[in-house]
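Lettering of chains follows the sequences in order, A, B, ..., and the numbering in each one begins at 1. Only heavy atoms go into these numbers, but all of them, side chains included; no hydrogens, no water, no symmetry mates.
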Amino acid sequence: MISAALAMLETDEQRNILSEFYEENKNRFYSIAYARLHSSEEAEDAVQETFLRIVKYPNRFFTIEPHKRLPYAVIIIRNIVLQILEEKGKYKFEELPEDLPDCKLSVEEEAIGKVSWEELVAFIKTLSEAKKQAVILKGVYGLTNREIAGVLGINEAAVRRRLSDAYGRINDFIGKG
Amino acid sequence: MNEIQFDQVLEQVCMEEYSVTGEVPVHHFSLRHRRNMKRILALPCSVSKPSKRLKLNQRKVLILIAVIFLAVVVVTGAVRIYFYSSFSMKEHSDNTQLFVGNASGVPEVIEQVYCLSELPEGYKEIERVSDNISVWTIYQYSDDANKTIVLTQTVKKEFDHHFNTEGYPFEEVEINGHKGLFIDWSNDDDISCEAVWDNGEYIFTVEGNLSKISLLDLAKSAKVE
């Protein structure tokens, strides 16, 4: 039974878009979830939870360019799958220190000429799933920390820590490049 | 490399890591999932909200009532509250929330489970989801997942449903001598309606792709198993 708070979709058009998006991709989402969870019921719950999180910020979803909506939902469902696995003791999110200093990205000053595009792409891919998700939701989708917390089901402080740690690593990589 | 280029790097990572393609097997989703998704996608206003129990003393209750009254007065036109039988009805711009104001002297947990005793021909029970406070029984016509009837039974104290009333009025009905409400969302393409009633102990809803008469007859057949 659904038990999460749910923001309401505002228009029939939004409902139609989201319904079509679900119908087009439900089997894909299920496959992603089932591949890690190996439980039909849990995989279905993960799909359901994904859409509950999407409709938390409906306007954010509907302003995303259509071709970027699928990756957005995939980020959310992969995160949900990891959270389900963590609850079962089969996955552990990295614990970052609470006093981790704020770190901002400083690509402009340091990156010029030091690392290639491909090297940076490859490096970002090596970040942990949790950090990569936060960085992409921020940088590609323009979500606020609060919104990231909402769609990832974590608190804002955890978002800040993930971003700070990821930015610090990226800055280091660029600096060393 | 500047920030715009960095965002493009991130976008490339995003598309390569999360833009999954290719054929995937077709999964036959359970009715429970389909019903929940239907509520999320098509009738989002009907989703139950989690109930919160507040421990309030009499003074806090009075203050709370005063605050709620003032809030209602202030926002008159945005939210209206009215009452029908045991139901309190809070009318929002596009949905109406139903809950029970006085739930004393009735079961606080499910003690007896009800079912629909006179199903239309071809329907059979296929799934039941239950906990201490509610029971959802799902019936399906043959193998047609688009033809379902769902009976819910909820203890009064925990009943809190939002109904899509944007353009759809409630109609007063009587079910086995008990007052209830009926709402019809049917359109040219689809028949869909729901009834809700209080049998004195529990709150029931029955929803299905049926005509009004058939749905109400069905509601009247709800009996203890």
Side-chain angles (χ1 to χ4, degrees), chain A residues 1-10 15-16 18-19 22-23 25-32 34 40-41 43-45 47-48 51-52 54-55 67-68 70-75 78 105 107-108 111-115 117 120-121 124-125 127 129 132-133 135-136 138-141 170 174, chain B residues 1-52 92-95 129-131 133-136 152 154 158 162 164 166-167:
Chain A
M1 195 175 295
I2 298 168
S3 61
L6 180 65
M8 291 174 192
L9 303 181
E10 290 180 355
R15 289 172 194 173
N16 290 340
L18 197 58
S19 293
Y22 167 73
E23 288 299 331
N25 296 294
K26 62 184 181 185
N27 290 312
R28 194 172 307 287
F29 296 142
Y30 177 84
S31 293
I32 291 169
Y34 189 81
S40 181
E41 190 176 352
E44 288 187 354
D45 286 348
V47 176
Q48 187 179 304
F51 281 81
L52 281 168
I54 286 173
V55 298
H67 74 282
K68 289 187 192 168
L70 178 59
Y72 178 75
V74 170
I75 287 172
R78 282 201 192 164
L105 207 55
V107 289
E108 196 163 6
I112 300 171
K114 290 191 174 177
V115 293
W117 182 294
L120 191 51
V121 167
I124 293 170
K125 285 183 179 178
L127 293 174
E129 184 68 26
K132 201 161 46 187
Q133 289 171 351
V135 168
I136 288 173
K138 188 86 173 177
V140 178
Y141 293 99
I170 293 169
I174 292 170
Chain B
M1 183 176 292
N2 57 36
E3 281 192 36
I4 293 172
Q5 287 175 314
F6 181 74
D7 287 346
Q8 289 170 343
V9 168
L10 282 182
E11 192 167 325
Q12 184 179 332
V13 173
C14 175
M15 299 310 283
E16 289 180 5
E17 293 273 289
Y18 299 107
S19 188
V20 287
T21 55
E23 290 295 309
V24 290
V26 175
H27 171 65
H28 182 71
F29 285 87
S30 69
L31 212 76
R32 180 181 69 95
H33 175 84
R34 292 202 303 275
R35 178 172 168 82
N36 286 342
M37 288 308 300
K38 185 180 173 187
R39 282 181 175 265
I40 294 170
L41 299 170
L43 296 171
C45 303
S46 293
V47 175
S48 300
K49 290 188 173 177
S51 56
K52 289 182 179 176
H92 301 272
S93 61
D94 63 354
N95 74 92
V129 183
S130 62
D131 54 28
I133 58 165
S134 64
V135 181
W136 287 26
T152 74
T154 311
E158 301 294 340
H162 290 249
N164 177 12
E166 191 176 15

Minimum-distance pair of heavy atoms, taken over all atoms of B:C14 and A:V140: CB-CG2, 4.2 Å

Option in B:E17, B:E23, B:M15 with maximal non-hydrogen atom pairs under 4.5 Å from chain A: B:E17

Heavy-atom proximity to chain B below 4.5 Å, by part of A:Y34: neither

Greatest number of heavy atom pairs closer than 4.5 Å to chain B - which of A:R28, A:K26, A:Q133, A:R78: A:R28

Note, A:I170 side chain near A:L127 side chain (heavy atom, < 4.5 Å): yes

side-chain contact (heavy atoms from CB on, under 4.5 Å) between A:S40 and B:H27, worked out: CA-CA 9 Å; A:S40 181; B:H27 171 65; 3.4 Å; yes

Sub-4.5 Å side-chain heavy-atom contact between B:Y18 and B:V13: no

Modelled atom types, side-chain donor and acceptor of A:E44 and A:Q48, under 3.5 Å: no

Side chain, backbone, both or neither of B:Q12 within contact of chain A (heavy atoms, under 4.5 Å): side chain

Part of A:E129 within contact of chain B (heavy atom distance under 4.5 Å): both

